[in-house]
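Proteins get letters first, then strands, A, B, ... in listed order; numbering begins at 1 in each.
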2 protein chains.
Amino acid sequence: MEITLRQIRAFLAIVQLRSFTRAAAMLHLSQPALTVQIRNLEAALGVRLLDRDNRAVEVTRVGLELVPVLQRTIGDLDAALVDLREIGAGRRGTVRVAALPSFAASLLPEVIVTCRRANPALAFVVRDAIASQVVAMVRSEDVDLGITGGVVADAELDVLHETTDQLCLVFQEAHPIGRKRRIGLRDLVDLPLVLTNPGTSVRDVIDAALMTIGRTPTVACEVTYMMSAVAMVRAGLGVTVLPRSARETRVERGIRARAIDDPAFARPVVLVKKKGRTLPPASLAFRDACIAAMRRALRS
Amino acid sequence: MEITLRQIRAFLAIVQLRSFTRAAAMLHLSQPALTVQIRNLEAALGVRLLDRDNRAVEVTRVGLELVPVLQRTIGDLDAALVDLREIGAGRRGTVRVAALPSFAASLLPEVIVTCRRANPALAFVVRDAIASQVVAMVRSEDVDLGITGGVVADAELDVLHETTDQLCLVFQEAHPIGRKRRIGLRDLVDLPLVLTNPGTSVRDVIDAALMTIGRTPTVACEVTYMMSAVAMVRAGLGVTVLPRSARETRVERGIRARAIDDPAFARPVVLVKKKGRTLPPASLAFRDACIAAMRRALRS
DNA sequence: GATCTCCATAAAGCCGCTCTATCGCGGCGA
DNA sequence: TCGCCGCGATAGAGCGGCTTTATGGAGATC
């Protein structure tokens, strides 16, 4: 016969209450059930644990040695399982997400605040990186979720949500282009551009868009961070193109941002996870909040 | 649904082997049984623990957190239960015994040596004390077994074995009484006696025996320890009466011991335990060895 | 494209647990 | 001293769940 948790719990209850009858009541069992449980436990262990007669229950010396061990063990186990249920309910746990810097600085903060308001015990790990690294981190399971741009055609990834991020031309307030009614692809030709490095998702979109009309961008300056690009623009070095979601298009003084009215200037944005992996419960709520925020921020 | 040890063991086996099929083989179960076990465990916890598809099993991030906790807990539990089985088999544990000093110095050493030869991991606690204290320690369960003299008529004690210890007259080699063919009760009258204190079992026997012929002992000296009594005898202070089992009657030079040929000079010896209490397994073997030794040493 | 592997599912059978009913025994009150 | 009460043990019936066999389906391999 194998030992079961039920038997152990029964034993501990009887030791605590010094009575089969009372322990049975506490465990919502009949008294004969407990008798059988203890009999089976003793048989399985080959040791008498309780000396019982018609009026009293006493713990054997051997049983007494076992009690603290069992109490500690069962206590640890129960504590771990309670913790786990918390995690399972999404009330605790860590959300790991990789995102392009533009999203890490715009979309994510509000989503995280929303989630933490609902479940203050949640922890978040945000890895901001360029598109290829975001995909790599999702694939290697360093993170559970990834928010990245471009078209993801990876058999190892699931696309949970897909939307587009309109690109904006960012220029000095005084720049003549601000007077045009609409800004199109051809307006960018020959305009000195401050661009992010090749390989970033925005740069890829721009290069591809200009390629469709047989042109290449006129690069005034290449920078790594959008923040730097904006500073260049403000200094009068040229204009730049940034995603509408980017925080930099909103908070900077002396510059303006206008959507580029061309379907090619919409950057795909996807929320991805690794195919075949279950999201931790905490990440489920985060995912939903992300999708909601993406709808709100990028479609409006 | 309640969590069971079987489910936990199944989970750990699958995690270890990364395969339901192989884990099933290891646990001597069919593979569907494991599938159901894991399904029930996950349902009970409300968390997905294993990501499994048609070719691979991966532990969920949540499951991975649980693994070390479960391993430690189950390991502790199993270790405790293995220990307990050792104790149950009488291979480990502590034997607690109270005994009159005469037995603690004569009978017990050989019994303990015998037991330890069979099970070297056994530990022994010997409390040597006078009869009333031996009984008290058994009643209060300070010890599991007691070896004492006199008649025990205590409803709270079980007599496991009963025998008698012949009393001997101990005298100087040159003492005239050594020339008698047999030594009887009346030979003790008027003989200066070195006696142990009133209340000890041997003294009680002597007093009671002389009382039957209306006499009281002629006390040359009262001592506490038998060893002292023997020393007094050797110094020529008188003769003394010691149980035949006592070590002192054998090892001392210059003195002799002769049985007293009178039924009153047989001290009852009993092996007792507390009624209603189960002896620890280790004590069972000890009890049997004691009984065997008592037969050998006292009846022969 | 056939086969093999591996996990999931379905249905049946069996084992064990629990429950109700009852007994036995010791304590306690009248 | 007798009878009641309390408590644990036992017996037998019923039910639930676990396990097993058989089978399905999807992906990998050759």
Taking atom C1' of D:dG8 as reference, at what distance in whole Å does atom CZ of A:R22 sit? 13 Å

Between B:T73 and A:D76, is there a side-chain donor-acceptor contact under 3.5 Å, judged purely by atom types and distance? no

Tell me: CD1 of B:I38 to P of D:dC18, nearest whole Å? 12 Å

Looking only at side-chain N and O atoms, does A:R52 come under 4.0 Å of OP1 or OP2 in D:dA9? yes

With B:F286, which residues qualify under ring-ring contact (aromatic ring centres under 6.0 Å, His included), at least two apart? B:F124

Interatomic distance where CD belongs to A:Q31 and P belongs to D:dC7 [whole Å]: 10 Å

Electrostatic pair B:R92-B:D83, nearest N-O below 4.0 angstrom: yes

Nearest-Å distance, CD (A:E58) to P (D:dG8)? 12 Å

Is A:R39 close enough to D:dG8 that one of its side-chain N or O atoms is under 4.0 Å from OP1 or OP2 there? no

Over all strands shown, is B:L34 touching base, sugar-phosphate only, or nothing at heavy-atom distances under 4.0 angstrom? nothing

Looking at A:D53 and B:R277, is any side-chain nitrogen of the basic one under 4.0 Å from a carboxylate oxygen of the acidic one? no

Spacing between A:R18 atom CZ and D:dC7 atom C1', to the nearest angstrom: 16 Å

Hey, could you give me the CG/CG distance between B:L160 and B:L271, rounded to the nearest 0.5 Å? 5.0 Å

Taken to the nearest whole Å, CG/A:D51 to C1'/D:dG8 is 13 Å

Contact boundaries on DNA chain C for chain A, cut-off under 4.0 Å to non-hydrogen atoms: C:dC17 to C:dG27

When we call it a touch if two heavy atoms are under 4.0 Å apart, what does A:T21 touch: a base, just sugar-phosphate, or nothing? sugar-phosphate

With DNA chain C as reference, determine whether B:V36 or A:H28 sits nearer its 5' end, using the nearest nucleotide of each. B:V36

Just call it for B:A33: base, sugar-phosphate, or nothing, with non-hydrogen atoms closer than 4.0 Å on any strand. base

Please determine whether the number of non-hydrogen atoms from other residues, nucleotides or ligands lying under 6.0 Å from atom CZ of B:R127 exceeds 12. no

Rounded to the nearest Å, what distance is computed from the CZ atom of residue A:F20 to the P atom of nucleotide D:dC7? 13 Å

Separation of atom CG in A:L29 from atom P in D:dG8, rounded to whole Å: 14 Å

What pairs of residues pass the salt bridge (charged side-chain N to carboxylate O under 4.0 Å, His left out) test when at least one of them lies in residues 35-47 of chain B, not counting sequence neighbours? B:E42-B:R52

